[in-house]
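In what follows, chains are A, B, ... by sequence order, proteins preceding strands, each numbered from 1.
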There are 2 protein chains.
Amino acid sequence: MGTELDWGQIQQDLENTNTLDELSGVAFRLRAMLGIEHLTYHWVDGAGDQYGCTTYSDTWEERYRDKNYHRIDPVILGCFQRFHPVDWKSLDWSGKVAKAFLQDAQSHGISNQGYSIPIRGPNGQFALFTVNHSCDDETWQQFISTYGRELILIAHYINRKALEFEKERQPESPRGLSPREIDAITLLALGYSRAQVAHSLSISEHTLRVYIESARSKLGAQNTTHAIATALSRGLIVV
Amino acid sequence: MGTELDWGQIQQDLENTNTLDELSGVAFRLRAMLGIEHLTYHWVDGAGDQYGCTTYSDTWEERYRDKNYHRIDPVILGCFQRFHPVDWKSLDWSGKVAKAFLQDAQSHGISNQGYSIPIRGPNGQFALFTVNHSCDDETWQQFISTYGRELILIAHYINRKALEFEKERQPESPRGLSPREIDAITLLALGYSRAQVAHSLSISEHTLRVYIESARSKLGAQNTTHAIATALSRGLIVV
DNA sequence: TTTCTACTCCCCAGAAACAGCGAGGGGGTA
DNA sequence: TACCCCCTCGCTGTTTCTGGGGAGTAGAAA
């Protein structure tokens, strides 16, 4: 494994990256710089419309998507509730499905040591940056303590780049919700009924419905529950 | 301004920080290390229940809270929609309220140059790390390009510490949901009606209701919408 | 073996949410 | 000034959800 990263080069490299495909090249070059076996940036989208760049095999990538593994992968589930980087060893692999997943992963070339960094952006965006290698625990510990800070920064910069691409992909500007709309759906998300919300906000239930309706249409949601879920996952409201 | 940060010392300092009050000490020491006038970590909570650590005057801090400035502060509004760090100059200060806010801030000792880094954690947590100084544009540019990466890391580590404090404040042990229950509420969160969900899962609508009911009671939720919001914010389902 | 949990199905009546309509006042922006 | 968005209130009927109840299977855990 190398000893020091050339940040000028990394930033230059990212600067010259203009498409998602080119990001894969960055992944491979970073892998070489770090001297590890695998490196992945994975934008996690609940709908399964996920992408990123990886040095894993295409086979595994496809399999992961086909099997909807992002719903059971302990790495994703664990990181989703954490802020700090996570060593795979500290995750919960006790479940039956988790064990089967682990076995399947290893049979597709995923190494035993892993370290994943959760990254979050606006509107509830969530991504994972992962380094993966096969070695003993001590060597791995050494690697993490040497490169821990650098890995956080790499995760940050790659995500920044990915968000740029995303912005180009969907220039739709999701209009924000008005304060009253936010109040309304926040209280609904807290379990209040319409009547209770209307009372809390000191407005009539009819008025309340107008807010819910407009929030729903702004969010492109099918129904109230969908609107709440959308607002939550976009980070428009906090419960 | 200094030239190189001693990360060992910074991490040690954070390690020894066990309360929110002690975090203020860290802020002052970091300010000295960076050789700037002000430094702020600010946890932004939609409900206004915000806290953090700052080297700003208590007067300004109180005023900020009293006036609910977090609702109009262009720094917060701007950073909330961005991922990358933001120089205050690139924000939109054109509004009337924004100008008044800026003037008020400067009359309370806030310097002209500012650089804010948005940070996000699980469950929609959002915080800002800001450095503030008075100097000309060129000097400031120099400072940012020298310390940009370090500032990102400082923001990361302080936020990690703040989240630890927060977790101590509200410990909870959520029982997991069964696979069928997860399927059910996930589809509901995606906007499906009961009938559609039942059809998708190839079960009767009656059965579906049992799942929703049991999920609701496990989550301690008042109604279906509440259950979905709870599951989402606990990271039990992903949409 | 017993016990527990997960999964499946069924009934009913009342409460709540839904969809779509219209209308007026206030405030800021162009 | 005109325009747009936000906030507020109103009506009606239809669809859906809610909250009780009970009951049987299979598999895993104790």
Under the salt bridge (charged side-chain N to carboxylate O under 4.0 Å, His left out) test, which residues partner [X], sequence neighbours left out?
X: B:Glu213; value: B:Arg216
X: B:Arg82; value: none
X: B:Lys89; value: B:Asp87, B:Asp137

Worksheet item: Between A:Ile212 (CD1) and D:dC7 (P), how many Å, whole number?
Response: 14 Å
Worksheet item: Quick one: A:Leu208 CG to D:dC11 P, roughly how many Å, whole number?
Response: 16 Å
Item to complete: Report, as yes or no, whether the 6.0 Å neighbourhood of atom CZ on B:Phe126 holds more than 12 heavy atoms from other residues, nucleotides or ligands.
Response: yes
Worksheet entry | B:His199, NE2 atom: more than 12 neighbouring heavy atoms under 6.0 Å | no
For a quick check of understanding: with a heavy-atom distance under 4.0 Å over all strands, which category does [X] fall into, base, sugar-phosphate or nothing?
X: B:Ser204; value: sugar-phosphate
X: B:Gln196; value: nothing
X: A:Thr224; value: sugar-phosphate
X: A:Thr207; value: base

Worksheet item: Thinking salt bridges, do B:Asp66 and B:Arg63 make one under a 4.0 Å N-O criterion?
Response: no
Worksheet item: Between B:Arg65 and B:Glu62, is there a side-chain N and carboxylate O pair less than 4.0 Å apart?
Response: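 B:Glu62 and B:Arg65: not salt-bridged.
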Practice prompt. Using modelled atom types only, decide if a donor and an acceptor are shared between the side chain of B:Gln196 and the backbone of B:Ser193 within a distance under 3.5 Å.
Written response: yes
Worksheet item: Quick check: does any side chain N or O of A:Lys161 sit under 3.5 Å from a backbone N or O of A:Leu23, one acting as donor and the other as acceptor?
Response: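 It does not hold such a pair.
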Discussion item. Could you go through A:Ser134 and A:Glu37, starting from their C-alpha distance and side-chain angles, then the distance that decides it, and tell me whether this counts as side-chain contact (heavy atoms from CB on, under 4.5 Å)?
Written reply: CA-CA 7 Å; A:Ser134 56; A:Glu37 289 168 14; 2.6 Å; yes
Discussion item. What residues from residues 182-193 of chain A pass a heavy-atom cutoff of under 4.0 Å to DNA chain D?
Written reply: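 Heavy-atom cutoff 4.0 Å gives no residues at all.
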Worksheet item: What pairs meet the salt bridge (charged side-chain N to carboxylate O under 4.0 Å, His left out) rule with one or both residues in residues 196-210 of chain A, with sequence neighbours excluded?
Response: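 Non-adjacent pairs meeting salt bridge (charged side-chain N to carboxylate O under 4.0 Å, His left out): zero.
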Fill in: Where chain A begins and ends its contact with DNA chain C, read 5' to 3' at 4.0 Å from heavy atoms
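Using the under 4.0 Å cut-off, the span is C:dA17 to C:dG20.
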Report, one pair per line, the protein and nucleotides 19-24 of chain D atoms (nitrogen or oxygen only) whose separation is under 3.5 Å.
| residue | atom | partner | partner atom | Å |
| --- | --- | --- | --- | --- |
| D:dG19 | OP2 | B:Arg216 | NH2 | 3.3 |
| D:dG19 | N7 | B:Arg209 | NH2 | 3.0 |
| D:dG19 | O6 | B:Arg209 | NH1 | 2.7 |
| D:dG19 | O6 | B:Arg209 | NH2 | 2.2 |
| D:dG20 | O6 | B:Arg209 | NH2 | 2.9 |

Worksheet item: Per the end-axis method with five pairs at each terminus, what is the bend angle of the helix from C:dT1-D:dA30 to C:dA30-D:dT1, to 10°?
Response: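 That helix gives 70° between its end axes.
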Mind listing the N/O atom pairs, protein and nucleotides 26-30 of chain D, below 3.5 Å?
none

Worksheet entry | Partners meeting side-chain contact (heavy atoms from CB on, under 4.5 Å) with A:Phe101 (sequence neighbours left out) | A:Trp60, A:Tyr64, A:Tyr69, A:Ile72, A:Asp73, A:Pro74, A:Trp93
Worksheet item: Which residues pass the side-chain contact (heavy atoms from CB on, under 4.5 Å) test with A:Thr40, sequence neighbours left out?
Response: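 A:His42, A:Thr54, A:Tyr56, A:Thr130.
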Worksheet item: Among all residues two or more places apart in sequence or in another chain, which pass the ring pair (Phe, Tyr, Trp, His ring centres under 6.0 Å) test with A:Tyr115?
Response: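 Not a single residue meets the ring pair (Phe, Tyr, Trp, His ring centres under 6.0 Å) criterion with A:Tyr115.
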Worksheet item: A:Tyr211 side chain N/O closer than 4.0 Å to the phosphate oxygens (OP1, OP2) of D:dC6?
Response: no
Discussion item. Which heavy atom of A:Ala215 sits nearest to which heavy atom of A:Ile185, and what is that distance?
Written reply: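 Closest approach of A:Ala215 to A:Ile185, heavy atoms only: CB-CG2, 4.2 Å.
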Worksheet item: Does the side-chain contact (heavy atoms from CB on, under 4.5 Å) test come out yes or no for B:Val86 and B:Ser90, once each step is laid out?
Response: CA-CA 7 Å; B:Val86 172; B:Ser90 69; 3.6 Å; yes
